[in-house]
Amino acid sequence: MRSNSARLPEVSLSRHGDPAAAGVVCASLPLAPLREAWQADGRLAAGLPSWLCADEMGLLAQFPVQKRQLEWLAGRLAAKQALNHYRNWLDAAEPHPVDMAIRRQPDGRPFVDERTYLSISHSRCQAVAAVANCPVGIDVESFDALQAGSLADLLAEQEVAAVATGQGCDRSQARTLIWCLKEALFKACGQRAFVPFARAIQILGWPQGQAPHWRTDSHAAGTAWAEEAAPACGHWRVETAWTETSAQVLVYRQEWPGADPIKRAEE
């Protein structure tokens, strides 16, 4: 995907398996170069109609604050890049970015078409997107963005302690990993509201180099929510990526039992 007029920063991509089977194409875009290009001159803004359809341009214009505008834009551009590579891989064709309209479902999740699953996330420094032909979720967050007190209702101390021990990391990093995992699972499962879903999913442990272990907790969120969250407990692959300042978690559906989990990958 190329557009000289838009002067976009380079987007890094990673591929996981074969999309025709159960694979995912991911893209990430740092916000700093995008912010610099946006503020330097008007050529980036002038080139956006070659990347975004009319509805997407309308959504971009609705953000009153430039920070939120750039975060949304970075997520959309990362998603367009991942979609381009995914469809090129499947169909041996390179669709134009503006033709790959990303719509918003009533629950807020991004939607492309019935055959394609898409997940988008951003932190203060980075936007990421994941595309697959199976349920997929991705989340990225900075280690310093999550305050322990404000999340005590969603991230139990026993969860944080178990993940910190298993991963050999500090509590701030463990808290971020758990948050990203629950967010990614929530996006992939398509549940109605994040707070009761996060309460219902209880992380039991996450040994380094292995898949995390979790269960649904009916006492934390009520029996109905635990039953609704129960599908999140089976047959998922989980991948993590780290930088010095942030972590991201990717989950995607793995329908066959007994398959090997993808091991932890570090940047």
Asks: Decide yes or no on side chain to side chain contact (heavy atoms under 4.5 Å, CB included) for Lys187 and Ser121, but give the supporting numbers first.
Replies: CA-CA 10 Å; Lys187 293 175 182 179; Ser121 179; 3.3 Å; yes
Asks: If you round to the nearest 0.5 Å, how far is NE2 of His122 from CD1 of Ile138?
Replies: 13.0 Å
Asks: How long is the gap from CZ on Arg175 to CD1 on Ile178, to the nearest 0.5 Å?
Replies: 8.0 Å
Asks: Taking only residues two or more places apart in sequence, or in another chain, which ones meet Glu183 in a side-chain hydrogen bond (donor to acceptor under 3.5 Å, both in side chains)?
Replies: none
Asks: Checking side chain to side chain contact (heavy atoms under 4.5 Å, CB included) for the pair Arg199/Leu154: CA distance, chi angles, key distance, verdict?
Replies: CA-CA 5 Å; Arg199 289 173 180 161; Leu154 304 180; 4.0 Å; yes
Asks: To the nearest 0.5 angstrom, please state how far the CZ atom of Arg237 sits from the CZ atom of Arg253.
Replies: 13.5 Å
Asks: Using side-chain heavy atoms (C-beta onward) and a distance below 4.5 Å, is Asp55 in contact with Arg103?
Replies: no
Asks: Return the CD to OG1 distance between Gln208 and Thr240, rounded to the nearest 0.5 Å.
Replies: 9.0 Å
Asks: Does some side-chain heavy atom of Phe197 sit less than 4.5 Å from a side-chain heavy atom of Leu185?
Replies: yes
Asks: Between Leu155 and Lys182, does the side chain to side chain contact (heavy atoms under 4.5 Å, CB included) criterion hold? Intermediate values first, please.
Replies: CA-CA 9 Å; Leu155 309 179; Lys182 291 188 178 186; 4.2 Å; yes
Asks: Which atom names give the shortest non-hydrogen contact between Cys169 and Val163, and what distance separates them?
Replies: SG-O, 4.3 Å
Asks: Is any side-chain heavy atom of Ser28 closer than 4.5 Å to a side-chain heavy atom of Val128?
Replies: yes
Asks: Is Val112 close to Arg87 at the side-chain level, that is, under 4.5 Å between some pair of heavy atoms?
Replies: yes
Asks: In Å and rounded to the nearest 0.5 Å, what is the CG to CZ distance from Asp144 to Arg124?
Replies: 4.5 Å
Asks: Under 4.5 Å between side-chain heavy atoms, counting indirect links through other Ile/Leu/Val/Met/Phe/Trp/Tyr residues: same cluster for Leu31 and Leu48 or not?
Replies: no
Asks: Measuring only between side-chain heavy atoms, which start at C-beta, is Leu73 closer than 4.5 Å to Leu52?
Replies: yes
Asks: Phe143 vs Asp170, test: side chain to side chain contact (heavy atoms under 4.5 Å, CB included). Steps then yes/no.
Replies: CA-CA 10 Å; Phe143 292 133; Asp170 63 35; over 6 Å; no
Asks: So do the side chains of Asn133 and Tyr86 get within less than 4.5 Å of each other, counting heavy atoms only?
Replies: yes
Asks: Within the structure provided, determine whether Lys67 and Arg35 are in side-chain contact (heavy-atom separation under 4.5 Å).
Replies: no
Asks: Would you kindly confirm whether Phe111 and Val131 end up in one hydrophobic cluster when ILVMFWY residues are joined by side chain heavy atoms under 4.5 Å apart?
Replies: no
Asks: Indicate the ring-plane relationship of Phe194 and Trp179, choosing parallel, tilted or perpendicular according to the 30° and 60° boundaries.
Replies: perpendicular
Asks: May I ask you to test the Ile120-Arg76 pair for a side-chain heavy-atom distance under 4.5 Å?
Replies: yes
Asks: Roughly how far apart are Trp72 CH2 and Glu56 CD, rounded to 0.5 Å?
Replies: 5.5 Å
